[in-house]
Amino acid sequence: MTWEPVIGLEIHVQLKTRTKMFCRCPVGFGAPENAQTCPVCLGFPGALPVPNRTAIEWVVKLGLALGCEIAPRAVFARKNYFYPDLPKGYQISQYDLPSCTDGKMVVPLQDGEHVVGIVRAHLEEDAAKNVHVGGRTGRIGGADYTLVDYNRGGTPLVEIVTAPDIHSAEAAKRFLQLLRQTIVELGISDAEMEKGTLRVDANVSVRPAGSDELRTRCEIKNMNSFTHIARGIDAEVERQVAVWESGAEVEQHTYDFDIGSGALTARRTKEEADDYRYFPEPDLVPVEPPSELVERLRGELPELPATRIARVATAIEHERALVLVTGGLDALWEATVAAGAEPVAASNVIANQLVAGGADPAAVDPGELARLVEARERIPRAALTEALAKVGEPGFSADPYLAQETVSDAGSLEPVVDAILAANPAQVEQFRSGKEGLLGFFVGQVMKETKGQADPRTVSELVRAKLSA
Amino acid sequence: MAITRDEVLKVARLARLELADDEVARLTDELGAILDAVSKVSELDLSDVPPTSHPLDLVNAWDEDEPHESLALEDVLRNAPATEGNLFRVPPTA
Amino acid sequence: MTAVVDTLRLTAEDAIALVERGEVSPAELHAAYLGAIGEHDGELHAFLRTVEHDDGTSIPIALKDVISTRGIATTAGSRMLEHYVPVFDATVTRRCRDAGLSILGKTNTDEFAMGSSTENSAFGPSRNPWDPERVPGGSGGGTAAAVSAGLAPWGLGSDTGGSIKQPSALCGNVGLRPTYGTVSRYGIVAFASSLDQVGPVAKNVRDVALLYRIVSGRDPADSTTVELPETVVLPVAERLDGLRIGVPRQAMALEAIEPGVRASFDAALALAEELGAEVDECELPLSFDYGMPCYYLIAPAEASSNLARYDGVRYGLRGEGETYRAMVERTRDDGFGDEPKRRIMLGTYALSAGYYDAYYGQAQRVRTLLVREHAAAFERFDMLATPTSPTVAFPVGDKAADPLAMYACDLLTIPSCLAGLPGLNVPCGLSEGLPVGLQLIGPQFGENALFRAGHALEQALALDLVPERLR
C-alpha cells in the first residue's frame with residue numbers, strides 16, 4: 001500500500017505596522033518590559049479597542065496577492081479563554097466573516113505546478129509573553145511561577161489557513177518559501193521564523209494513494225524553520241503510516257517535534273476541549289472595505305513571486321528559478337541576462353558565489369556582473385571570488401579582474417605539480433591504489449600554492465598524467 | 001428548561017468560577033428558572049431574520065497607525081497584586 | 001459674599017449662574033454639597049466615597065462608580081475592584097473636567113451595574129430619599145438618590161436595561177438614557193457592550209440636556225460612537241402642539257403595572273393632550289413579551305465575556321491559589337457577588353457550543369424584530385410613552401431573593417434599550433407618596449424632541465420634587 005501525505009498549514013504573520021492592532025502602543029523589539037502598554041492592551045476596566053487602519057489595508061493586500069475574495073463585510077469576533085498572556089480573557093480575532101477567503105497559491109515543483117488553496121486569511125491580535133520561571137522553590141515538575149510582559153500583546157497578526165492540498169514535506173517547504181517571499185515583497189512583514197514574525201503549525205494526515213478520503217489529522221507545533229517543518233512532517237507521516245499499517249487508528253493529538261532527536265512528543269491532552277464561545281465583537285463595528293481601496297491596493301501589487309518563477313523558469317530549470325525568486329535575486333538575474341550573460345551561468349554565479357560573497361544584490365551593476373559571468377572560467381578563481389565580493393560597491397569595475405589570466409601553460413605549472421606530488425607521498429600511494437577522489441586534493445594544493453592563479457583544468461590534466469605514469 | 005448539575009459544573013469551569021456545593025445547588029435552580037423564562041425566544045420562527053449585533057448601522061471605524069504615548073511603568077503596575085521587577089507575577093500555569 | 005446654597009432646590013443651571021456671577025466660589029459650592037452629604041448620606045448611602053478638594057472652576061458632579069476617575073477608586077460596586085484606582089479618566093470624566101466640573105464623589109451602584117435596586121452592591125444598598133426603607137432603584141440608585149436628596153446638583157449614570165431611567169423614576173428626578181453611540185463608553189466598567197450607555201441625571205430636563213451636551217459626541221477611543229447630527233438644544237417651549245405620542249397597547253396591558261402608577265401616567269397623558277399633543281394607542285406586538293428574554297440572553301452573554309478580565313492578574317482582588325487556574329477561580333469566586341455570578345453563568349451557557357444558535361443567536365434575531373417594530377411605530381408617532389417602572393419604590397429586601405422578580409422591574413425600559421433608542425424619565429406624579437415616572441422614548445438621535453416634550457410636561461406638572469420628608 002502506498003500512502004499519500006495530506007498536509008494543511010496554519011500560518012501566523014506578524015505585521016510590521018508601527019502600532020498594535022487595537023491600540024496605538026508602538027510595536028517593536030527591545031523596549032523595557034511592559035513599557036509599551038496602555039489600558040487597552042492591558043485589559044484595564046473600561047478600555048476599548050480601536051482597529052489599526054494600516055493592518056486592515058495590509059490584510060486586504062495580502063488577500064489580493066493570494067488570489068482571495070475580499071469580504072465585502074468582515075466582522076471581528078471574540079475568542080474567549082483564560083490564560084495569563086490574554087489580558088481581556090478573550091482574543092479579538094475574526095471568525096464567521098474573515099477579511100479574505102477562497103484564494104490560492106501556485107507552487108512550482110519538480111513534477112509541475114501544484115495549486116494550494118488558501119481557505120482564509122484573517123486579522124487577530126497577538127498574545128502577550130509568559131515567562132515560566134522554575135527551579136527556585138524546589139517544586140517538582142513544571143515552573144514555580146510565571147511572569148508576564150504585555151509588550152507583545154496586541155501586535156497585529158494575520159492568520160492564513162491553507163486547504164489540505166500539500167502532499168509532501170518538500171512541497172510544504174516550497175510553499176512556505178514562496179509565501180514568505182510574497183509577504184516580504186508586499187512590505188507587510190519581515191516574516192522570519194527565527195524572530196517569531198512568521199509562525200507555522202502543520203496539520204498532517206495520510207491516506208491511501210489515489211483515494212480522496214480525509215483521515216484523522218494531527219497537529220505539529222513549535223517548529224522554527226522551514227527545514228524543521230519539513231522534517232517534522234516527514235516524521236509524523238512515517239509515524240501515522242506505521243499506525244495504520246499496524247491495524248490501529250491514528251488518534252487526534254498535538255505534537256512537538258524536536259529536530260535534534262527526531263522525536264515527536266504528544267502534548268498533554270487537555271481535560272476538556274476548548275469551547276471558545278465565539279461571538280461578534282460588540283465593541284467594534286464591521287469592516288466594509290471600499291471598492292476604491294481594494295482596487296487601489298490591487299493596482300499597487302508588485303509582480304508576485306509565483307508569476308516571476310513561471311517566467312524565469314522558461315530560461316532555466318524550475319528549481320533554480322525558485323531559488324532565485326525566493327532569494328529575491330531574480331531582478332538582478334534578469335538584468336544581468338539582459339546585459340548579455342548566459343542565463344544558466346548567470347543563475348549559478350548569482351545564487352552561489354554572489355550570495356556567498358555577501359554583496360548586496362540591489363547595489364550590483366548588472367553590466368559589470370555580466371562581464372564577470374562571461375569570464376568566469378577564464379580568470380583565476382581567486383580573482384573571480386574577490387570580484388564577486390566587491391561587485392556591489394559603488395563605482396565597481398570588472399576591468400582589473402578581467403585583466404588577470406589564469407596560468408594554463410603546462411610548462412610553468414609542471415614544477416609546482418611535481419613539488420606537491422613529492423611532498424605528499426602517502427596520498428600519491430592512495431591515489432594509485434584506487435582513491436581517485438584525491439585528485440581534488442592535489443589540485444587544491446596546487447591552487448593554494450599558486451594563490452589561485454592556476455587554471456584548474458590544466459592542473460588536473462597534469463596531475464592525472466603524472467600519476468598514471 | 002432545567003439545567004443539570006453537571007452542566008452547571010461544566011459552565012462554571014468554562015467561566016473559571018470555583019463554586020461551593022451549596023452555590024452549585026442554588027444556581028442549578030435559579031439558572032433553570034431563568035432559562036425557562038428566556039427560552040421564550042425560541043417560540044418565534046426567525047429563520048429569515050438577520051441578527052443585530054449593533055443598534056447603530058456603523059462601519060469602518062478605525063485609527064491611523066500613529067503611535068501614542070504608552071503608560072508610565074508605575075501606572076501599569078500601580079494596581080498589580082504581585083510583581084517581580086517590571087513584570088506581573090502569577091502562580092505557575094502548570 | 002456666599003449665597004446660602006439650598007442644595008435641595010438648586011438646579012445645575014442656577015448653580016452655574018451663581019458661580020459665574022461670583023456669588024459663590026466653586027470651592028464653596030463643592031464644600032456645601034460635601035456638607036449636605038455629611039448630614040444626610042449616613043442614612044441614604046448614596047456615595048461610596050467623596051472627594052475633599054478638587055480644582056474645578058464650575059459646579060460639582062457625582063459620578064456613578066462604574067465611571068473611571070483617575071486617582072479616585074472606582075469599584076463598580078464590587079469586592080473585585082474594592083481597592084482599584086484607575087490610572088486614567090473615562091472620556092466622560094475628562095469632558096466633565098474640561099467643562100470645569102469638579103468631581104464631588106462616586107455613587108453607589110448594583111455590582112457591575114447588574115440590578116434594579118442597589119441591593120446587589122457589595123458595599124450595601126442605597127436608600128430612597130422619599131422613604132429610606134425603600135430602594136432608590138438600580139443599578140444607578142446612588143446617583144438618583146444623591147440628586148433627589150440635594151447631595152449633588154447632577155450626576156452621570158450608566159444605563160444598560162434601565163439603570164438610569166428606573167432609579168430616576170423611583171427617586172423623582174429626570175434621567176436620560178441617550179441614543180446608543182452618542183456618549184463614549186471609554187473608561188466605563190463594561191457590563192453589556194452593545195447596550196451600555198452613559199447618561200445624565202438631574203433635577204429637571206434643562207439640566208439633563210445641558211449635561212448631555214457636555215458629555216456627548218464622537219470619541220475616537222470608542223469605535224461605537226458617532227457625532228450628533230444636530231447640536232443639543234436646551235428646551236424652552238411650554239406647549240406640545242403637533243406632537244404625536246404613541247402609547248404601546250401591549251405595555252399598558254401588563255398586569256405588573258400598579259394602579260397608582262397607571263393613574264399618574266394617565267393623568268400626565270391627559271395633561272399632554274391639553275398642551276396640544278395627540279395621544280394615541282400604538283402597537284409593539286413583540287417588545288413587551290420578548291424584550292425581557294431577549295435582554296436576559298444578550299446582556300449576560302456580553303457580560304460573561306466582559307467580566308473575564310477580572311482574573312486577579314493585573315489589578316483588583318487576587319485570591320489564593322497554588323496554580324494560575326486555582327488562583328483565577330478563587331479570585332472570581334471571592335470577588336463576584338451572586339448576581340454577577342448568575343449572569344456570567346447564564347451568559348457563558350448561552351454562548352457555549354451547541355447552545356449558541358438557540359439562545360444568543362436567536363436573541364440577536366429577536367433584537368432585529370424589536371428594532372423594526374420600534375421603527376415602524378415611529379412612522380406614525382414622534383415619540384412613545386409608557387410608565388418607566390411598573391411599580392413605585394419597593395421595600396428593601398422585597399425582591400432581593402427572587403432574581404426573576406427583580407428582572408421584571410425593567411420590563412418597560414428594556415425594549416427600547418435593545419433598539420438603541422433614547423429614553424427620558426420625567427417625574428409625572430406621586431402614588432402613595434412615592435414618585436412615579438413617565439418614560440418618553442424617541443427615535444435614534446431624537447434627544448432634542450424628548451427634551452422639548454419633557455420640559456413642557458415638567459413645567460405644566462409643576463411638581464415639587466423635593467422628597468417631602470426633607471423639605
Side-chain angles (χ1 to χ4, degrees), chain A residues 22-24 34 37-51 76-92 95-96 128 130 132 137 139 142-148 150 153 270-287, chain C residues 66-68 74 76 80-81 84 86-88 90-91 112 181 184-190 192-196 219-225 298 301-302 304-311 313-316 322-325 327-329 332 347-356 360-361 364:
Chain A
F22 296 112
C23 69
R24 304 289 83 77
N34 282 313
T37 61
C38 74
V40 178
C41 56
L42 288 166
F44 283 177
L48 294 173
V50 180
F76 290 106
R78 292 190 187 180
K79 178 180 182 183
N80 298 279
Y81 64 97
F82 287 84
Y83 209 56
D85 60 7
L86 200 67
K88 298 186 294 295
Y90 55 88
Q91 176 200 37
I92 303 178
Y95 184 61
D96 274 345
N130 287 331
H132 302 288
T137 65
R139 189 168 174 268
D144 293 332
Y145 55 93
T146 299
L147 297 173
V148 195
Y150 292 92
K270 297 189 203 172
E271 306 156 20
E272 67 251 337
D274 288 310
D275 178 359
Y276 295 120
R277 288 157 280 135
Y278 286 97
F279 69 103
E281 168 59 85
D283 288 328
L284 292 173
V285 298
V287 173
Chain C
V66 297
I67 299 174
S68 293
T74 301
M80 187 67 85
L81 293 177
Y84 168 69
V87 297
F88 66 104
T91 297
F112 285 103
S184 172
R185 291 180 297 114
Y186 184 80
I188 310 306
V189 178
S193 314
S194 74
L195 291 157
D196 292 344
D219 178 16
D222 178 349
S223 302
T224 61
T225 57
I298 293 175
E302 293 181 2
S304 71
S305 181
N306 284 330
L307 267 55
R309 65 189 62 198
Y310 302 106
D311 57 9
V313 174
R314 289 142 290 124
Y315 47 81
E322 288 281 294
T323 63
Y324 163 75
R325 182 162 174 166
M327 180 275 283
V328 172
E329 289 176 346
R332 292 164 67 76
T348 305
Y349 186 77
L351 289 173
S352 62
Y355 294 112
Y356 181 100
Y360 184 77
Q364 292 285 49

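Letters A, B, ... mirror the listed sequences (proteins, then strands); counts begin at 1.
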Heavy-atom nearest pair, C/Glu302 first then A/Arg78, reads O-NH1, 4.2 Å
Can you say whether [X] sits under 4.5 Å from chain A via the side chain, the backbone, both, or neither, judging by heavy atoms?
X: C/Ser68; value: side chain
X: C/Tyr186; value: both
X: C/Pro220; value: backbone
X: C/Tyr84; value: side chain
X: C/Thr348; value: both
X: C/Val313; value: side chain
X: C/Val66; value: neither

Measuring from [X]:[atom1] to [Y]:[atom2], what's the distance to the nearest 0.5 Å?
X: C/Thr224; Y: A/Glu281; atom1: OG1; atom2: CD; result: 10.0 Å
X: C/Asn306; Y: A/Tyr90; atom1: CG; atom2: OH; result: 5.5 Å
X: C/Ser194; Y: A/Asp283; atom1: OG; atom2: CG; result: 9.5 Å

If you count every heavy atom of other residues, nucleotides or ligands that lies below 6.0 Å from A/Tyr81 atom OH, does the total exceed 12?
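Counting other residues, nucleotides and ligands, OH of A/Tyr81 exceeds 12 neighbours.
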Answer whether the closest heavy-atom distance between the side chains of [X] and [Y] falls below 4.5 Å.
X: C/Ser223; Y: A/Pro51; value: yes
X: A/Phe82; Y: C/Tyr324; value: yes
X: A/Pro87; Y: C/Arg314; value: yes

When the 4.5 angstrom heavy-atom criterion is applied to A/Tyr278 and chain C, the contacting part is backbone
Determine whether a donor-acceptor pair (N or O, by modelled atom type, separation under 3.5 Å) exists between the side chain of [X] and the backbone of [Y].
X: C/Arg185; Y: A/Gly46; result: no
X: A/Asp275; Y: C/Ser352; result: no
X: A/Arg277; Y: C/Ala353; result: no

Among C/Ala76, C/Ser305, C/Ala192, C/Ala190, the residue with the most heavy-atom pairs under 4.5 Å to chain A is C/Ser305
Item checked: Ring geometry between A/Phe44 and C/Tyr315 (parallel below 30°, tilted from 30 to 60°, perpendicular above 60°) ->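 The arrangement is perpendicular - the two ring planes meet at more than 60°.
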Pair count under 4.5 Å, heavy atoms only, with chain C: among A/Gly43, A/Pro45, A/Cys38, A/Gly89, highest is A/Pro45
Between C/Tyr360 and A/Phe279, is the ring centre distance below 6.0 Å?
yes
